Amino acid sequence: QVQLVESGGGLVQAGGSLRISCAASGRILSSYIGGWFRQAPGKGRELVAAIRWNEGSTYYADSVMGRFTISRDNAKNTVYLQMNSLKPEDTAVYYCAGRHGQVLATPAPNYDAWGQGTQVTVSS
């Protein structure tokens, strides 16, 4: 199994930046995909970004395209989400997730490893 531990999150003003991290441990194969999801009050858990571990290809939701960047450090087994130009509508609990597969843009039920979640609040 893969275990995930998140760090980061916090309160930031609109237009600001924040980076959250997800450290992975366990059996990580070349087909590993790391993802970031978010869940706002009253809404479902939506895929924000995903990255393929072996060659680094990425997926972004339209709502964060050009503002968020997902990256990974294979030596540290860590996935990052750099969030720039933050908006109040980005406020949510952010979860990192992991799975093994081939398709980047898959919904939450396809992931079988999850971090504990970290709150990101963007004030206006």
Side-chain angles (χ1 to χ4, degrees):
Q1 295 186 10
V2 176
Q3 295 81 44
L4 304 175
V5 179
E6 298 181 40
S7 61
L11 176 65
V12 64
Q13 287 192 302
S17 298
L18 199 64
R19 189 178 76 160
I20 52 179
S21 303
C22 179
S25 61
R27 297 192 64 185
I28 301 174
L29 307 177
S30 61
S31 60
Y32 184 77
I33 294 174
W36 285 99
F37 289 78
R38 67 185 181 186
Q39 188 165 18
K43 296 185 177 181
R45 192 167 297 187
E46 65 169 333
L47 178 64
V48 174
I51 187 167
R52 204 184 310 278
W53 201 250
N54 55 0
E55 43 82 42
S57 57
T58 57
Y59 162 85
Y60 296 97
D62 290 343
S63 58
V64 306
M65 184 74 70
R67 299 188 298 120
F68 290 10
T69 302
I70 187 171
S71 62
R72 91 280 197 224
D73 187 331
N74 297 68
K76 297 180 179 180
N77 284 339
T78 301
V79 177
Y80 304 94
L81 186 66
Q82 178 68 46
M83 300 178 286
N84 298 327
S85 301
L86 283 162
K87 305 174 181 179
E89 51 263 43
D90 294 318
T91 296
V93 177
Y94 284 72
Y95 299 90
C96 67
R99 66 177 183 91
H100 290 92
Q102 303 300 319
V103 180
L104 281 171
T106 58
N110 290 15
Y111 285 78
D112 50 25
W114 291 90
Q116 76 278 13
T118 184
Q119 177 71 46
V120 173
T121 302
V122 184
S123 62
S124 59

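As the structure is a prediction and not an experimental result, all values here were calculated from the model.
Inter-residue side-chain proximity for Leu104 and Ile33 is flagged as met; some heavy-atom pair is nearer than 4.5 Å.
A pairwise comparison of heavy atoms in Gln82 and Ser17 identifies NE2-CB, 3.9 Å as the closest pair. Nearest heavy-atom pair, Ala14 versus Ser124, reported as atom, atom and distance to 0.1 Å: CB-CA, 4.4 Å. Leu47 and Ala105 make their closest contact through CD2-CA, 3.8 Å (heavy atoms, listed as atom of the first residue, atom of the second, distance). When every heavy atom of Gln119 is checked against every heavy atom of Thr121, the shortest pair comes out as NE2-OG1, 3.3 Å.
Screening residues 38-81 for ring pair (Phe, Tyr, Trp, His ring centres under 6.0 Å), with sequence neighbours left out, gives Tyr32-Trp53.
Cluster membership check: Leu86 shares its hydrophobic cluster with Ile70, using side-chain heavy-atom separations under 4.5 Å among Ile, Leu, Val, Met, Phe, Trp and Tyr. Val2 is connected to Trp36 through a chain of hydrophobic side-chain contacts under 4.5 Å among Ile, Leu, Val, Met, Phe, Trp and Tyr, so both are in one cluster. Linking ILVMFWY residues whenever their side-chain heavy atoms come closer than 4.5 Å, directly or via other members, places Val12 and Tyr94 in the same cluster. The cluster map of Ile, Leu, Val, Met, Phe, Trp and Tyr, joined by side-chain heavy atoms under 4.5 Å apart, puts Leu4 and Phe37 in different clusters. By the rule that hydrophobic residues join a cluster once side-chain heavy atoms approach within less than 4.5 Å of another member, Leu81 and Val120 end up as members of one cluster.
Rounded to the nearest 0.5 angstrom, Thr69 OG1 and Asn84 CG are separated by 6.5 Å.
Counting only N and O atoms by type, the side chains of Ser57 and Arg52 include a donor and acceptor under 3.5 Å apart.
Partners of Ser31 by side-chain contact (heavy atoms from CB on, under 4.5 Å), not counting sequence neighbours, listed by chain and number: Leu29, His100, Gln102. With sequence neighbours excluded, the residues that form a side-chain contact (heavy atoms from CB on, under 4.5 Å) with Ser25 are Gln3. Under the side-chain contact (heavy atoms from CB on, under 4.5 Å) criterion, Glu89 pairs with Lys87, not counting sequence neighbours. Qualifying side-chain contact (heavy atoms from CB on, under 4.5 Å) partners for Ser123, counting only residues two or more places apart in sequence or in other chains: Leu11, Gln13.
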Point to revise | Candidate pair Arg38 and Val64, rule side-chain contact (heavy atoms from CB on, under 4.5 Å), full reasoning | key: CA-CA 12 Å; Arg38 67 185 181 186; Val64 306; 3.9 Å; yes
Practice item. Please step through side-chain contact (heavy atoms from CB on, under 4.5 Å) for the pair Val79 and Cys96, ending with a clear verdict. Key: CA-CA 8 Å; Val79 177; Cys96 67; over 6 Å; no
Listed pairs under 3.5 Å, donor-acceptor, residues 110-118 side chains, sequence neighbours left out:
unit_1: Trp114; atom_1: NE1; unit_2: Tyr111; atom_2: O; d: 3.4
unit_1: Gln116; atom_1: OE1; unit_2: Glu6; atom_2: N; d: 3.0
unit_1: Gln116; atom_1: NE2; unit_2: Glu6; atom_2: O; d: 2.9
unit_1: Thr118; atom_1: OG1; unit_2: Gly8; atom_2: O; d: 2.8

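For Gln1, the CD atom counts as loosely surrounded, since its 6.0 Å shell holds 12 or fewer non-hydrogen atoms of other residues, nucleotides or ligands.
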